[in-house]
Amino acid sequence: LRLGVAGWPVAHSRSPVMQNAALHALGLGDWRYQLLPLPPALFDQTVAALPANGFRGINVTIPYKQAALALADAASAAATATGAANTLLLQPDGTVVADNTDAPALRAAIAERLPLPGLSVFVLGAGGSARAAVWALTAAGADVHVWNRTASRAADLCAAIGGRPLAGLAAVATLRSVDLIVNCTSVGLRPEDELSALPLSPRLLGGARLVVDLVYGKHETPLIAAARAAGVETLGGLEILVRQGALALELFTGRKAPLAVMRAAVGL
Ligand code: NAP
C-alpha cells in the first residue's frame, strides 16, 4: 500500500522519513510513503490515477492545498472552513475525501500547554497556515488578533474565519499584552531573515506565556531564539509538522501514530 506527499517542489520534505519510520514502528511493512513531485499541470490527473496504483492517501503541500480541496468529493469541517486540505483520503471506489490536519495539530500542541478558552492570541500572517491557526484557535474560544504585512489580507481572513484584524503598526501598538504569539509568516525561513520584519516589541514578546513559530529549518528561527532569550516557553515548526503528520497517518491507517518515533525521525 502506498502513501505520499505531493508538492512542487517537494524534494526537501521530511515527511517520507518521518512517515516511513512510523509505518515501520507500527509493523506496517507493506506500506510505503514516498515523494510525489508533481508539476502543476499534472496535479489533478495524477491524483485521479493514484488509487488504481495502490495509493490509500496523500498529503499535499505548497502549492496544492487549495487545489486538493477543490478536487475532493467530500471535505471535513477543518478543510472546508480553512479553504485548504493537506490530507487526501483515496477510497478504493475512487472517492476522494479532503481533510486538514494542520489546524487540529496546532490546536492540540498548544492546548497541552495552555487552556484555550479566553486565551489572548496574536497571530502574524494571513496565508494558508494563518487561516488554519485562526480557525483552530477561535473555534476553541481564544480571543485572536491578526496582523499581516498586507493589511487587507488580514481583514479578509478575519471577515471569512474570525478573529480581529490589526490594521498596521499603530493598531498593533494598542495590544498591551498577549498570552500566545503564533508566527504564520514565512519570516525566519531564510537565514538572512530578521525578526524586525515582525511587529513584536520586547514587551509583547517577553510578556507572552508561549511563542509558536510554524517556520522551521536547519537553524533555530530568530523568533524562537528571541523568545528563549526572554525566558518564554517555545514551540517550533517541526513539532507542528510531526503533529499534522501523525493525525494524517491515523486517518490513513486507522492506527495510533507513534509520536516519539516520528519526532526522533526528524531530529527532535
Ligand atoms: P503563505 O500562504 O505563502 O503566506 C505567507 C505569509 O508570510 C503571508 O502572510 C505573507 O504576508 C507573510 N510574509 C512573507 N514574507 C514576509 C516578510 N518579509 N515580512 C512579513 N511578512 C511576510 O504561506 P503559509 O502556507 O501560510 O506558510 C507560512 C510559513 O509557515 C512557511 O514558512 C511554511 O514553511 C510554514 N508552515 C509550517 C507548517 C508546519 O507544519 N510546521 C505548516 C504550514 C506552514 P503578505 O500577505 O503580506 O505577503
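Counting starts at 1 for both ligands and their atoms, following the listed order.
- Test Met262, Glu112, Arg107 against Arg243 for side chain to side chain contact (heavy atoms under 4.5 Å, CB included) and you get one pass: Glu112.
- With a 4.5 Å cut-off between side-chain heavy atoms of Ile, Leu, Val, Met, Phe, Trp and Tyr, the cluster of Val187 takes in Phe122, Leu124, Trp147, Leu166, Leu169, Val172, Leu175, Val178, Ile181, Leu195, Leu198, Leu200, Leu204, Leu205, Val211, Leu223, Val232.
- The protein non-hydrogen atom at the shortest distance from atom 41 (N) of ligand 1 is Gly237 O, 2.8 Å.
- Electrostatic pairing of Arg153 and Asp156 does not count as a salt bridge here, judged by no charged N lying under 4.0 Å from a carboxylate O.
- For atom 2 (O) of ligand 1, the closest non-hydrogen atom of the protein is Gly128 N, 3.0 Å.
- If you run side chain to side chain contact (heavy atoms under 4.5 Å, CB included) between Phe252 and each of Leu90, Thr87, Ile58, only Thr87 comes through.
- Under 4.0 angstrom from ligand 1, the non-hydrogen atoms of Asn148 all belong to its side chain.
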Give the intermediate values and the outcome of side-chain contact (heavy atoms from CB on, under 4.5 Å) for residues Asn59 and Tyr33.
CA-CA 10 Å; Asn59 291 119; Tyr33 188 106; 2.6 Å; yes

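- Remark: ligand 1 and Arg149 share an N or O pair separated by less than 3.5 Å (distance only, no angle test).
- Atom 44 (C) of ligand 1 has as its closest protein heavy atom Ser129 CB, 3.9 Å.
- Side-chain atoms of Arg131 come within 3.5 Å of backbone atoms of Thr82 as a donor-acceptor pair (strictly under, hydrogens ignored).
- What sits closest to atom 29 (C) of ligand 1 on the protein, heavy atoms only, is Thr185 O, 3.5 Å.
- When only modelled atom types and interatomic distance are considered, Ser120 and Asp179 share no side-chain donor-acceptor pair under 3.5 Å.
- For ligand 1, the atoms sitting less than 4.0 Å from at least one non-hydrogen atom of Leu241 are 40 (O), 41 (N), numbered in the order shown with element in parentheses.
- Taking any N or O of Gly125, backbone or side chain, none lies under 3.5 Å from an N or O belonging to ligand 1.
- When distances from atom 32 (O) of ligand 1 to the protein are checked, a heavy atom turns up under 4.0 Å.
- Residue Leu198 has no nitrogen or oxygen atom sitting less than 3.5 Å from a nitrogen or oxygen atom of ligand 1, judged on distance alone.
- Salt-bridge annotation for Glu233 and Arg228: absent, with no side-chain N of the basic residue lying under 4.0 Å from a carboxylate O of the acidic one.
- With hydrogens and angles ignored, the 3.5 Å screen pairs no side-chain donor or acceptor of Tyr216 with any backbone N or O of Thr221.
- Counting atoms of ligand 1 from 1 in the listed order, those under 4.0 Å from a heavy atom of Val215 are 32 (O).
- The side chain of Arg153, and not its backbone, has at least one atom closer than 4.0 Å to an atom of ligand 1 (non-hydrogen atoms only; side chain from C-beta on).
- Of all the atoms in ligand 1, the ones that sit under 4.0 Å from a non-hydrogen atom of Tyr216 are 41 (N).
- Counting only heavy atoms from C-beta outward, the side chains of Val97 and Leu88 never approach each other to under 4.5 Å.
- For atom 38 (C) of ligand 1, the closest non-hydrogen atom on the protein side is Leu214 O, 4.0 Å.
- When only non-hydrogen protein atoms are considered, atom 14 (C) of ligand 1 lies nearest to Ser186 OG, 3.2 Å.
- Counting heavy atoms under 4.0 Å from ligand 1, residue Cys184 touches it through the backbone alone.
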For a side-chain contact (heavy atoms from CB on, under 4.5 Å) check, start with the C-alpha distance between Val121 and Asp143, then their side-chain angles and the critical distance, and finish with the verdict.
CA-CA 6 Å; Val121 184; Asp143 179 19; over 6 Å; no

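- Counting heavy-atom neighbours within 6.0 Å of His12 NE2, excluding the residue itself, gives a total above 12.
- Glu239 and Arg263 are joined by a salt bridge, as a carboxylate oxygen and a charged side-chain nitrogen come within less than 4.0 angstrom of each other.
- Counting only heavy atoms of the protein, atom 19 (N) of ligand 1 lies nearest to Val187 CG2, 3.4 Å.
- The side chain of Leu189, and not its backbone, has at least one atom closer than 4.0 Å to an atom of ligand 1 (non-hydrogen atoms only; side chain from C-beta on).
- Proximity to Gly127 (heavy-atom distance under 4.0 Å) selects the following atoms of ligand 1: 2 (O), 4 (O), 9 (O), 26 (O).
- Thr150 OG1, 2.5 Å is the protein heavy atom nearest to atom 47 (O) of ligand 1.
- For atom 23 (O) of ligand 1, the nearest protein heavy atom lies 4.0 Å away or farther.
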